[in-house]
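Presented below is the structure to which this report refers.
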Amino acid sequence: MLEIGSVIDAKYKVLNEIGHGGMSTVYLAINEKANKPWAIKEVRKSVGRSFDILKQSLILETDMLKKLSHKNLPSIVDIIDSDENFLIVMDYIEGSTLEKLVNENGAYPQEDVVSWSIQLCDVLQYLHTQPRPIIYRDMKPSNVMLKSDGSVVLIDFGTAREFKEQKAGDTVCLGTQGYAAPEQFGGNGQTDARTDIYCLGATMYHLLTGHNPSKPPYELYPITRWNPNLSSGLEKVILKCIQKNPDDRYQSADELRYALEHYRDLETETQLKSRQRLGKFAASLFLCLVCAVFGAGLRAAANEKLDDEYMTLIETAGRTTDTLAAGELYMDAIGLDAARAEAYHAYYERVVEDGVFDVDEEELLIRINMSTNEYFRIFERENPLEYADFCYEIGNAYWYYYSHEENRKTRALGWYEPALSGFEGNDRRSLEYGRCRLYVEIGSFYKKMIAAQIDGTDEGIYGRYWSSLSELKALNDEQPDRELITLRMYREIITRVTEYARYFMDDGVTREEIEAMFEGIESDMAEMEDAAAPAVLEEIDKIRTLRTLADKIVRSTYK
């Protein structure tokens with residue numbers, strides 16, 4: 001064990017022990033020259049555990065964390081390997097583990113648990129979307145630190161692993177019983193992103209109920225059994241997380257985050273109110289539907305009545321000035337016939353007409369997606385091409401209009417990818433297929449760019465990125481998209497030049513190519529200015545301001 005007061009590597013003075021486990025001890029240390037605290041994790045080589053597994057865990061933990069950068073993850077700054085021990089120097093996270101807090105204080109309010117879980121979803125999504133996806137595998141309260149500002153940090157990557165697509169199962173079964181998913185104990189394929197969904201569900205269960213799933217009665221009951229005041233909607237979210245079959249869980253951390261942000265929409269009372277909106281219409285159709293079984297004529301009449309009601313809802317929504325109220329009407333129409341396309345496309349037209357896709361408008365989309373009637377699955381199965389069109393439209397809404405800049409490209413990819421599959425091989429959608437393919441390529445660049453920079457494997461990716469941007473503009477020149485979409489595409493091109501000019505030059509993009517692109521953009525904007533809407537003029541002004549800066553950076557970079 002390290003001696004309190006000793007100085008490690010002539011830099012780190014050990015102050016005191018702050019935690020320990022079966023194979024390691026964690027100390028608080030300080031770099032006296034920099035006056036900065038650090039945490040030092042000491043792993044003794046004499047521990048009784050199999051050294052091969054121990055060594056594998058250490059290598060994984062250090063290698064993974066060194067190449068990651070996320071606000072909810074600690075950073076490793078130094079590794080010291082000696083004959084007696086293995087030391088990992090990392091960020092000191094001031095706070096307490098959620099396990100300590102729940103043991104001291106009992107169950108926590110659901111608002112707090114949901115806030116922490118949304119943060120954990122963000123960091124899991126980050127890990128799962130790495131070029132080599134990382135599966136954490138040991139989510140539990142003791143591995144989550146709560147800081148004084150309310151943010152959480154995921155610690156201890158000793159059991160994490162990289163997902164290997166062609167692998168049938170995990171080499172070593174690791175995890176904590178009670179929190180671990182069934183597949184972590186072998187025989188059910190390898191662990192994947194859905195394994196972490198299960199572990200997070202079990203963690204939420206513990207924090208909400210105060211009952212540790214790794215202790216008697218060793219059962220994850222519905223949370224309202226312990227506290228009837230807890231949300232039935234949140235209960236449904238957790239029950240979906242902890243399904244034994246991974247296919248029955250949320251399929252990504254992003255999907256779970258959506259559910260947590262809008263768990264109130266799943267509450268029984270809310271669902272009953274939603275159904276009541278259609279009650280009067282259902283009653284008026286009841287006799288027709290009963291009689292319809294006795295003759296094709298009456299069935300046709302009922303279908304005609306259904307069609308009339310569907311179109312009435314869409315027309316009423318079109319006349320409604322309140323966007324959210326209109327969205328509710330579109331949702332009602334989808335509830336009547338989830339396979340028809342009109343209400344989906346009308347929803348898209350309505351939410352993007354002002355050039356903004358905000359969280360309230362997004363909420364309606366999420367409610368459609370999470371509906372108990374599985375509207376999107378019906379739409380995809382019964383009307384696949386129109387479904388692909390709608391996915392493409394929502395991808396555009398996120399890419400160009402979503403109000404949260406940091407998340408929009410990631411969320412857009414989740415819509416562009418099914419659209420790309422739906423358009424493939426369809427001559428009538430060749431233009432949309434081409435654009436969608438480029439959005440997926442560009443979005444993939446954003447996902448892997450930071451990791452590639454850290455790994456030193458980013459050579460050439462900026463040149464390919466520039467080619468994708470150039471091809472996207474060329475497609476738009478042939479058949480222009482909406483003016484705001486076109487202008488925001490231009491803004492993105494110019495913004496990226498200001499950020500990546502040096503990288504573009506290193507990857508062989510010439511100054512002439514960039515300047516020709518800028519001139520083409522300016523020419524297009526000049527044509528748009530005549531009789532342009534205020535939002536268009538405002539966007540053009542932003543682009544010209546950006547271009548002034550971009551021109552200076554290009555001249556400086558290519559001099």
Side-chain angles (χ1 to χ4, degrees), residues 231-233 236-237 255 258-259 261-292 298-354 356-394 397-398 401 415:
S231 163
S232 62
K236 290 175 183 176
V237 172
E255 186 181 347
Y258 284 157
E261 287 178 340
H262 304 276
Y263 69 89
R264 294 286 187 189
D265 292 334
L266 292 175
E267 291 178 358
T268 304
E269 184 179 351
T270 304
Q271 290 180 339
L272 285 174
K273 287 181 179 178
S274 178
R275 294 190 187 105
Q276 286 169 1
R277 288 198 302 267
L278 296 177
K280 290 183 179 180
F281 171 67
S284 68
L285 278 182
F286 180 72
L287 290 176
C288 291
L289 294 174
V290 170
C291 295
L298 289 178
R299 282 197 297 272
N303 289 337
E304 184 177 350
K305 183 74 174 176
L306 190 69
D307 181 70
D308 288 345
E309 179 67 12
Y310 182 92
M311 295 309 300
T312 298
L313 286 168
I314 291 178
E315 290 165 7
T316 304
R319 294 192 297 268
T320 302
T321 57
D322 186 321
T323 299
L324 295 181
E328 293 283 354
L329 292 169
Y330 292 132
M331 188 171 173
D332 287 347
I334 291 169
L336 291 178
D337 190 346
R340 287 183 63 165
E342 293 96 321
Y344 295 99
H345 294 311
Y347 163 83
Y348 166 76
E349 292 288 340
R350 184 60 181 267
V351 299
V352 302
E353 66 181 3
D354 59 354
V356 174
F357 182 39
D358 62 29
V359 292
D360 291 329
E361 293 164 340
E362 179 194 33
E363 181 178 351
L364 290 171
L365 176 68
I366 294 166
R367 287 171 59 191
I368 296 170
N369 193 14
M370 291 170 53
S371 166
T372 53
N373 290 327
E374 299 181 331
Y375 296 146
F376 282 169
R377 289 186 177 87
I378 296 171
F379 190 24
E380 181 182 16
R381 184 178 65 247
E382 303 294 332
N383 206 344
L385 186 57
E386 291 288 353
Y387 173 76
D389 284 338
F390 180 68
C391 289
Y392 177 69
E393 290 172 341
I394 298 300
Y398 276 115
Y401 300 116
W415 293 93

d(Glu349 CD, Tyr330 OH) to nearest 0.5 Å is 9.0 Å

Counterpart residues, side chain to side chain contact (heavy atoms under 4.5 Å, CB included), relative to Ala343 (two or more places apart)
Tyr310, Ile314, Ala333, Ile334

What residues form a salt bridge (Lys or Arg N to Asp or Glu O under 4.0 Å) with Glu342, not counting sequence neighbours?
Arg340

One pair to check against side chain to side chain contact (heavy atoms under 4.5 Å, CB included): Leu336 and Asp332. What are the steps and the verdict?
CA-CA 7 Å; Leu336 291 178; Asp332 287 347; over 6 Å; no

From Leu313 CG over to Asp337 CG, what is the distance, rounded to the nearest 0.5 angstrom?
12.0 Å

Shortest non-hydrogen separation from Asn383 to Ala339 and the atoms involved:
ND2-O, 3.1 Å

Could you go through the side chain to side chain contact (heavy atoms under 4.5 Å, CB included) check for Phe390 and Leu385 one step at a time?
CA-CA 9 Å; Phe390 180 68; Leu385 186 57; over 6 Å; no

Taking Tyr392 for the side chain and Trp415 for the main chain, is one N or O donor matched with an acceptor at less than 3.5 Å?
no

At what distance, to the nearest 0.5 angstrom, does CD of Glu315 lie from CG of Asp308?
9.5 Å

With sequence neighbours left out, what residues match Asp389 under side-chain hydrogen bond (donor to acceptor under 3.5 Å, both in side chains)?
Arg429

Within a strict 4.5 Å, meaning less than it, do heavy atoms of the Ile394 and Tyr347 side chains meet?
yes

Phe379 vs Tyr344, test: ring pair (Phe, Tyr, Trp, His ring centres under 6.0 Å). Steps then yes/no.
CA-CA 10 Å; Phe379 190 24; Tyr344 295 99; 3.9 Å; yes

